[in-house]
Structures are given as C-alpha cells and as structure tokens.
Amino acid sequence: MATVKEEQEAREHAVRRIEREKPALEFGSAWDYAPAPESRDHLRLEERYGLFIGGKFVAPKSKKYFETVNPATEETLAQVAEAGPADVDAAVTAAEEAYRKRWSRLKPADRGKYVYRIARLLQEKSRELAVLESMDGGKPIKESRDVDVPLAIAHFFYHAGWADKLEYAFPRHTVSPIGVCGQIIPWNFPLLMAAWKIAPAISCGNTVVLKPAETTPLTAMLLAEVCQEADLPPGVVNILPGAGETGAALVNHARVKKIAFTGSTDVGKIIQRATAGTGKRLTLELGGKAANIVFEDAPIDQAVEGIINGIYFNQGHVCCAGSRLLVQESIADTVLQKLSDRIATLRMGDPLDKNTDVGAINSKMQLDKIRELVACGVEEGAELHQSSCAIPPKGFWFPPSFFTNVAQSHRIAREEIFGPVLTVMTFRTPDEAIEKANNIPYGLSAGVWTDKGSKIFQITQKMRAGVVWANTFNKFDPTSPFGGYKESGFGREGGVHGLRAYVELG
Ligand code: NAI
Ligand code: MG
C-alpha cells in the first residue's frame, strides 16, 4: 500500500489539483475554521457486545468476536460477537416463537404503540446515536446528526402509524403478516438502513433477524438496547452482527420467510440464486450509477450545490449517489469551474468536527476499491481533478475528485466507485442525455436540473430509474418509495409500496 506521502506525490504528478488559494468564491478561503468537535463524553461504549437474541444480549455459540474500528483514526472501538449458523438458528427460533405467541396476535394498535415507543426512545438518544454512527463509520457528524438519525426516527414514526391501518393501504384485501424476516444491511447508512428494514416489518406484524454490516455494527447494538427499553416483546427484533457468512446462513435458513437485502449487486445475485425456488420472498436494493443531468437552462449555482450533495454526501458511499454528471455542452465550462471552486471549499477531516463536509472512507477495503478504480480511470485516459486538501495522517481518506474526458465505455463511467469521485460527461440534446443516462446496467436514481417544467416531465418519464429528483438530489422521506430497476434490484422500501413486501394479501 502506498504511504500517504507517496500517494500525495503521485497525485501531484497525475492530477489537476484543485487549489484552495484561488477560488472565485471567496467565503471559505480567507480564514481557517477553529476545530468544533462534537463531544464524545456522553457515549458509553462496552468493551464487548454480544448477539441480541430473544430480547437479551448473549454470548455467541460461535465463540467468535471481531473488532470494529473508527475509520478516521484506526482506533478499535469495541469487540463484537460474530454470529455463526447455530446463532442464526437460535435467533430465527426466537423470532418464530415471538411471532406465533405474541406479535402476530397482538392488537395492531398495540403493535403500533411499541413502534412509537422505539421512535421516541431513539429521539431521546439522538446525540449518542449520531456520535456513535460517525465514529464507527466515518461520516461527518453534521450528516449523522441532521440526516441519518432524524430520518431513521421518522421511519419508525411513519410505520408505527400504519400498524392499525393496513386495510386502508390495501383496500378490498385481508392483510396478514408473513412471519420471520431476515434482513441484511450495508455500512453506508447503518442505523437508517436498520430503520428502513425493521420499522415496516414489525409494524406489519412480522418479527425480524437483522444482520448489520461488519464495519458498522455499533448503532444497531444501541438500537437493540432501545428495543429492550421499549419493552418490545423478546424475539420481535433480533440483531446478529457478522460478515458475509452470517448473512449467507440467514439467507439459507429454512424457516426464514422473507429476505430483504441492501448491498452490492454481486451479493444480491448470490442471494437471488440462493432463494430461487425456496418460496422465500425477496427484495433487493443494490448498487447504482445515477445520472445527474444539468441542462443549459438550469439554475447553475443551485445545480452545482446539487452536484456536490449528490456525490460528496457521505463520501459518495451512497447507492443513489449522482455519480455521473451529464452536463449540457454549452454550459460545461462554467459548471466545471464553479464545481472546482466549490470543491476547494469542502473541508475533509475529523468526522466529529461540526465543520467537516467530507469524512473518512468507511474501511481500508473500500479505500482500496476506490483507489483501484481511480487509477484505472487515469490509465484509460480520463483526466482526474482532485481537491488539494490535506490528508489526515491516520485513517482512510480520499479527497473529493472528479474526472473529465470520460468515455461511456470507461470503467469509471459504468462501475459503482462508491466514493467521492464524480465522472463528468457532456451532451448536446435532451435525447442524447436520456440515451446516455439510461445506457447503464443500473437504474436506482437520477437527477434533472432545468428551469423548464415541461422538460422535467419529458425527461423524468424516460429515466429508467426508481427515484428521479428534479432540481434537487438525495432527498429522502419515509412516505416516498425507494428502489431500483435492472441491476439496482427490485421491490420498494418506504411509503405504501414498501409495506407490500411485508404483508400477505388475501
Ligand atoms: P456487500 O454487498 O458485500 O455487503 C453488504 C451486506 O451484505 C453486509 O452486511 C455483508 O456482510 C453482507 N454479505 C456479504 N456477503 C454476503 C452473502 N454471501 N450472503 C449474505 N450477506 C452477505 O458489500 P461490500 O463488500 O461491503 O461493498 C462492496 C461494494 O458494494 C461497494 O464498493 C459498493 O460499490 C457496493 N455497495 C452498495 C451498497 C448499496 O447501498 N447499494 C451498500 C454497500 C456496498
Ligand atoms: Mg467501524
């Protein structure tokens, strides 16, 4: 692995550095911000976390533990139990019993009350959750505090409201739950993804076994504590940290009735093969390579903010990131100049600092993947522009970057980089924009920037993407369904559509 110094030297040679000294926008460059770290004093971290099965934290039958680290400092935060097949079996048994004896028999309104209680307890612990999320995963505190945690809570509130109104969601049907749901989530939005999975499942009367990602298990452990505090009947929510093998054991467990997975397309395909012919229900939310299309009549400054938010939010670890900028040729130079100026003002560093815009890359593995794809982009002839911001001496970091001179056949234009790296392409006509936007195996999201309402309708209708934003990007709401086309997966999460995955209709 290249040292930080080598990396910086290499960048200086191959890269067009975006300098902070001479941006046209003066606001961020005249002085440096004083550090404004969020306190971590109130955080209680256990040295070791067990598995959460049947309402209790238990030692793993596997006898295995793994470390979870802070990717910004490489400090070990805690040891976490790794669930093996026997643990998965114990959790499914606990979930099944809870389903049969308690949860599916409970009055729907009472089910809703438990879910409301979880939402309120999460609210009380917002600050602790935000700090822990940033420490375990590397995302800036302003995002975990203002986006991840409030949205996770909103999902519990929203779905609690549905618990006793499901017959209105599906008129002319009888609505019943499915049983035990196995849920596997990634590391980019750990608490939020747990909420997306658990809230609709239990509100509809199912019980769950959730597997958080191996680099970010800690907020899920705090959520388990919240379930205890909420007096949720034991076994309704079970949480099993572990890696791919734990996930596979859950997928292959015979008594799991439904699998919900968010993660890479490769693993999604494995899961689809594993569940084929078993009668298990499946929803997959996989990768993306969204087009963010900027027309010449767009409000350019707002569009630049949307581009920044689209790709540098959460270090680009976002399945629906606007990772392919399609900009109309006539305004390309202006947009790219403004984009460079804006990138020069982004502050990368300590995720717990309230002024930080770009945090740490989630893991060494992910950093290696980003570096490999970026190196491939340079080799294939694209031109790399990169922020000249300082790289902290420890931890995993990648500076905000974008590529120009990108051909559609380049790997960086087709594969999910899942980092703070934008590829920029141009177009001349709306038809060309549509063609280029859809010419990709993925179809999760897209963005359209134009001043003209009719053009918004014209373009959004033709996007083969589950979510299309107009004059905004990365806006999420529990009432709005989210999900993909093509290799981005199937099934929807959120809104009435999302409930469908967790009910049986008669
Ligand atoms: P991954 O798909 O391996 O991990 C996601 C989750 O699946 C984790 O909880 C993991 O433990 C679990 N898992 C892994 N193998 C499994 C298996 N065989 N059966 C069941 N569960 C399994 O993603 P990874 O390796 O962390 O990231 C690789 C790439 O995937 C990223 O660079 C990114 O491009 C993409 N990705 C996309 C995400 C999205 O939200 N669409 C989220 C995470 C990664
Ligand atoms: Mg971690």
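As the structure lists them, so they are numbered: ligands from 1, and atoms in each ligand from 1. Worth saying up front: this structure is predicted, and the values here are computed from it rather than measured.
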- Please state which protein non-hydrogen atom is closest to atom 16 (C) of ligand 1 and give its distance, to 0.1 Å? V267 CG1, 3.4 Å
- Message: I need the atoms of ligand 1 closer than 4.0 Å to a non-hydrogen atom of I184, numbered in the order shown.
- Response: 6 (C), 7 (O), 9 (O), 12 (C), 20 (C), 21 (N)
- Is there a nitrogen or oxygen of E416 sitting under 3.5 Å from a nitrogen or oxygen of ligand 1? yes
- Message: Is there a side-chain contact between Q123 and F157 in this structure, where contact means two heavy atoms from C-beta onward sitting under 4.5 Å apart?
- Response: yes
- Could you tell me whether E504 and K257 make a salt bridge, using a distance below 4.0 angstrom between a side-chain N and a carboxylate O? no
- Message: What I'd like to find out is whether the side chain of E82 reaches to under 4.5 Å of the side chain of T246, using heavy atoms alone.
- Response: yes
- Message: Does E435, at its CD atom, have more than 12 non-hydrogen atoms belonging to other residues, nucleotides or ligands within less than 6.0 Å?
- Response: no
- Heavy atoms only: which of E415, K269, K369 is nearest to atom 29 (C) of ligand 1? K369
- Message: Can you tell whether the side chains of R411 and E379 come within less than 4.0 Å, N to carboxylate O?
- Response: no
- Item | Part of L286 with heavy atoms under 4.0 Å of ligand 1, whether side chain, backbone, both or neither | backbone
- Task: State whether N362 contributes an N/O/S atom found under 2.8 Å from the Mg ion (ligand 2).
- Result: no
- Item | Nearest non-hydrogen protein atom, atom 44 (C) of ligand 1 | F418 CE2, 3.8 Å
- Task: Please determine if I185 has a nitrogen or oxygen closer than 3.5 Å to a nitrogen or oxygen of ligand 1.
- Result: yes
- Item | More than 12 heavy atoms from other groups under 6.0 Å of NZ on K56 | no
- Message: Closer than 4.0 Å to some heavy atom of Q366 - which atoms of ligand 1 meet that?
- Response: 31 (C), 32 (O)
- Take the Mg ion (ligand 2) as the vertex and measure to O of V69 and OD1 of D136; round to 10°. 100°
- Between the CG atom in L45 and the CE atom in M221, the distance rounded to the nearest 0.5 Å is 12.5 Å
- Query: In terms of residue, atom name and distance, what is the protein heavy atom nearest to atom 43 (C) of ligand 1?
  - Reply: P186 CB, 3.5 Å
- Message: Suppose we measure from atom 13 (N) of ligand 1 to each protein heavy atom; which comes out shortest, and what is that distance?
- Response: G244 CA, 3.7 Å
- Task: Number the atoms of ligand 1 from 1 as they appear, then name those within less than 4.0 Å of a heavy atom of A243, with their elements.
- Result: 11 (O)
- Test: E38 and R127 ion pair at under 4.0 Å: yes
- Which of the ligand 1 atoms, numbered from 1, are nearer than 4.0 Å to a heavy atom of G287: 41 (N)
- Message: Under 4.0 Å between a side-chain nitrogen and a carboxylate oxygen: does that hold for E245 and K64?
- Response: no
- Query: At a 4.0 Å threshold, what atoms of ligand 1 neighbour a non-hydrogen atom of N188?
  - Reply: 40 (O)
- To the nearest 0.1 Å, how far is atom 27 (O) of ligand 1 from its closest protein heavy atom, and which atom is that? W187 NE1, 4.0 Å
- Query: Are R414 and E380 ion-paired here, with the side-chain N under 4.0 Å from a carboxylate O?
  - Reply: no
- Item | Identity and distance of the protein heavy atom lying nearest atom 21 (N) of ligand 1 | G247 CA, 3.6 Å
- For the side chain of N70 and the backbone of E75, is there at least one donor-acceptor N/O pair under 3.5 Å apart? no
- Task: Return a yes/no value: protein heavy atom under 4.0 Å from atom 2 (O) of ligand 1?
- Result: yes
- Task: Run the numbers for me: atoms of ligand 1, each under 4.0 Å from some heavy atom of G263, listed by number.
- Result: 2 (O), 5 (C), 37 (C), 38 (C), 39 (C), 41 (N), 42 (C)
- Look at atom 11 (O) of ligand 1 and say which protein heavy atom is nearest, naming residue and atom and giving the distance to 0.1 Å. E214 OE1, 2.7 Å
- Message: Taking backbone and side chain together, does T215 place any N/O/S atom at a distance below 2.8 Å from the Mg ion (ligand 2)?
- Response: yes
- How about F482 and W196: are their ring centroids closer than 6.0 Å? yes
- Query: Is the closest heavy-atom distance from F261 to ligand 1 below 4.0 Å?
  - Reply: yes
- K197/E285 salt bridge by N-O under 4.0 Å criterion: no
- Item | Option among T215, T216, T68 that satisfies the side-chain hydrogen bond (donor to acceptor under 3.5 Å, both in side chains) test with D136 | T68
- Query: What residue and heavy atom of the protein are closest to atom 25 (O) of ligand 1, and at what distance?
  - Reply: M365 CE, 4.2 Å
